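Report on the following structure.
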Amino acid sequence: MQANTIQNRPIIEVKELSKTYPGRVEALRNVNLSIPRGQLTTLLGPSGCGKTTLLKIIAGLLNKTEGNVFINGQPVNGPGPERAFVFQDFALLPWCTVLRNVAFGLELRGVPGKQRNEIAMKYIDEVGLTGFEKAYPYELSGGMRQRVGLARALAVDAEILLMDEPFASVDEQTRRKFQEDLLNLLKIEKKTVVFVTHSIEEAVYVSDQVALLGPRPGRIMRVINTRLDHAENVEDIRRDQRYLNLVEDLWQILRQYLI
Amino acid sequence: MSKYKPKTKTGLFKRIAWRVLSLVLVFGLWEFAGRKPISIIFPTFTSTMVALMNLLIDGTLLSAYAVTLVPLAIGVALVGFLGIVFGILMGLYRSFEWLTLPVFIIVQSAPMAALIPLITFLYGIGLGAKVLAVVLMAAPVIVLNSYRGIRNANPTLIQMGRSFLASRTQEIFKIILPDASGMIFAGLRLGVAAGFIGVILAELLITPTGIGDLITYYRALALYPQMFASIFSIVLFASVVVSALQRLEGILFRRQQCTS
Ligand SMILES: Nc1ncnc2c1ncn2[C@@H]1O[C@H](COP(=O)(O)OP(=O)(O)O)[C@@H](O)[C@H]1O
Ligand SMILES: [Mg+2]
C-alpha cells in the first residue's frame with residue numbers, strides 16, 4: 001500500500017520556487033512543476049529564461065530564493081546520490097583519460113579501482129565509446145566528449161539524470177544520432193530524466209512531457225504531454241505525423257509568448 | 001593522433017630558418033657597431049666570441065657559474081616550495097588572502113631591485129644575502145601565479161565535482177590543484193627568470209662573486225671583450241634554462257591547454 005503511493009507520487013516536485021540572483025536578476029518566479037517517475041521531461045524555452053537555473057536548483061548546485069524542491073518527498077539541500085548531472089560544456093577533466101573521467105563519480109565515492117573501472121567500461125560501451133577509454137578529452141570530438149559526460153552520469157547509477165542542453169555544443173548530424181542513441185539507452189536504463197533544451201524539435205523528439213518556460217522571469221507556461229510511442233523504432237519518429245503536428249503545436253503556443 | 005601535432009616538418013624548418021636569420025641580423029649589427037666603433041668600450045661580436053671561447057676553455061666561466069648558481073638554486077628551491085604553498089593557501093582560504101594579498105600587490109608593482117642594496121644592511125654580504133635577493137625577485141610572481149591558478153580553477157569542473165558529491169578535500173586535490181598546476185608551473189618558470197636577475201644584481205651590488213665578479217673585474221681592467229663575453233654568457237645561459245622550462249611545461253600540461 002505504502003510502496004504503491006510512493007511509486008505513483010512524482011519523483012521531483014517543485015513548489016512555488018523563485019530565484020533572484022545577486023544584482024536583482026529575477027531568473028525564476030513562482031515555478032510549480034511535477035516530474036513523473038521514469039519519464040523524460042523537457043524544460044523548453046528561449047535562451048536566458050532560467051532553464052539552467054531551474055535545473056541547477058533541482059540538482060542542489062544553486063541556492064533557491066524562495067519555495068522548495070522535493071525529491072521523493074525530501075526537500076533538496078544540496079547534491080545527492082540519486083541525482084546525476086550532464087553539463088552543457090561537458091565538464092570533463094582534461095588531464096584524465098576517458099576511463100578515469102567516466103569512473104570519476106565512483107572514484108569520489110571511494111569505489112575501489114578495479115571495480116569502478118569495470119563499471120566504467122560497461123557504460124563506455126553503452127554510449128558507444130569502446131576503444132576510446134585510453135584517449136584524452138582533447139582527442140575527442142564534441143559529440144564524443146558529451147558521450148563521456150553521459151557515461152559518467154550513468155555510472156553512478158542515479159535514479160534521476162539532469163541534462164542541461166547536452167547537445168547544444170554538438171553539430172547537427174551528431175546531435176541527431178546522439179538523440180536516437182539516448183532514446184535507445186533509456187529503454188535499457190530506467191531513469192527519470194529532466195532535459196533542458198531550446199530546440200522545439202529536440203523537445204518533441206526526446207520527451208514524454210514538455211514544460212514550456214516563458215521569457216524572464218522564468219515561469220512555467222504550459223505542461224504538454226508529448227508522449228509518442230517510443231517503443232518502436234526511434235528512427236521512424238521524425239517521419240511520424242504526430243511528431244510533426246506536435247512540433248507545429250508547440251511553435252504556435254511558444255510564439256504567443258515571444259515579442 | 002598525428003593530426004593533433006601542431007607543426008609539420010616544413011613548418012619546423014621554416015621556424016628554424018627565421019630564428020637563424022634574426023640571430024645573424026643581430027650579431028651582424030653588433031659586429032658592425034663594434035667595428036665602427038660606436039664607443040671605445042664596445043667590442044666586436046667576433047672578439048667577444050673569441051674571449052668567450054677562451055673563458056670557457058681555461059675554466060674561468062665554469063668556476064664562476066659554480067659560485068653564482070649556488071644562491072640561485074637555494075633561493076629558487078626555497079621560494080619554489082614555500083611560495084607555491086603560500087600562493088595555494090591564499091587561493092584556497094579567503095582569510096589568508098585578505099591578510100597577504102595587499103602586501104603582494106605592493107611587492108609586485110614596486111621595483112624589487114631597488115631593495116637589493118638594502119639587504120646588505122640587514123643580512124650582510126654572505127650567501128644569505130644573495131639567497132634573499134633571489135627570493136625577493138622570484139617570490140612575487142611564483143606566489144601570485146599559484147594564487148591565480150587556484151582562483152581561476154574552472155568553476156564548471158568544481159560544480160561537476162560537487163554534483164558528484166566530492167568532499168572539500170577531494171575537490172582541492174582532484175580538481176582544483178591539477179587544474180591550477182599549469183599556471184603554477186608557469187609561475188615557477190617566471191620565478192627562475194626573475195631569480196637570475198636577482199642573483200646577478202646581488203653579485204654586482206652586494207659583493208662581487210661568481211659571474212658578477214668576472215664582469216666587475218674585467219671592467220676594472222678594461223678588458224671589454226671578456227666583460228661582454230661574461231654578460232653574453234649569462235644572457236645565453238638564462239635563456240636556455242628558461243626556454244627548456246617552457247618546453248617542459250608544454251609537454252607536461254599539453255592536455256590542459258587543449259580543452260576547457
Ligand atoms: N550567476 C548569475 N548571476 C546573475 N545573473 C545570472 C546568473 N546566472 C544566470 N543569470 C541570469 O539569469 C537568467 C537565466 O539564466 P539561465 O538559467 O542560464 O537561462 P537559460 O539556461 O534558460 O538560458 C539570465 O537572464 C541570466 O543572465
Ligand atoms: Mg542554459
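Quick caveat, the model's predicted, so the values are computed rather than measured. In what follows, every chain begins at residue 1, and chains take the letters A, B, ... in the order their sequences are listed.
Contacts between Phe104(A) and chain B at a heavy-atom distance below 4.5 Å involve the side chain alone, from C-beta outward. With a threshold of 4.5 angstrom between heavy atoms, Glu107(A) approaches chain B through its backbone and through its side chain. Both the backbone and the side chain of Arg152(A) come within contact range of chain B, with heavy atoms under 4.5 Å apart. Heavy atoms closer than 4.5 Å to chain B are found in the side chain of Phe87(A), but not in its backbone.
Atom CZ of Phe173(B) has 12 or fewer heavy atoms from other residues, nucleotides or ligands within 6.0 Å.
The residues Arg37(A) and Glu159(A) are annotated as salt-bridged, a charged nitrogen and a carboxylate oxygen being separated by less than 4.0 angstrom. Using a 4.0 Å cut-off between charged side-chain N and carboxylate O, Glu171(B) and Lys174(B) make no salt bridge. Salt bridge annotation for Glu118(A)-Lys122(A): absent, with no cationic side-chain nitrogen under 4.0 angstrom from a carboxylate oxygen.
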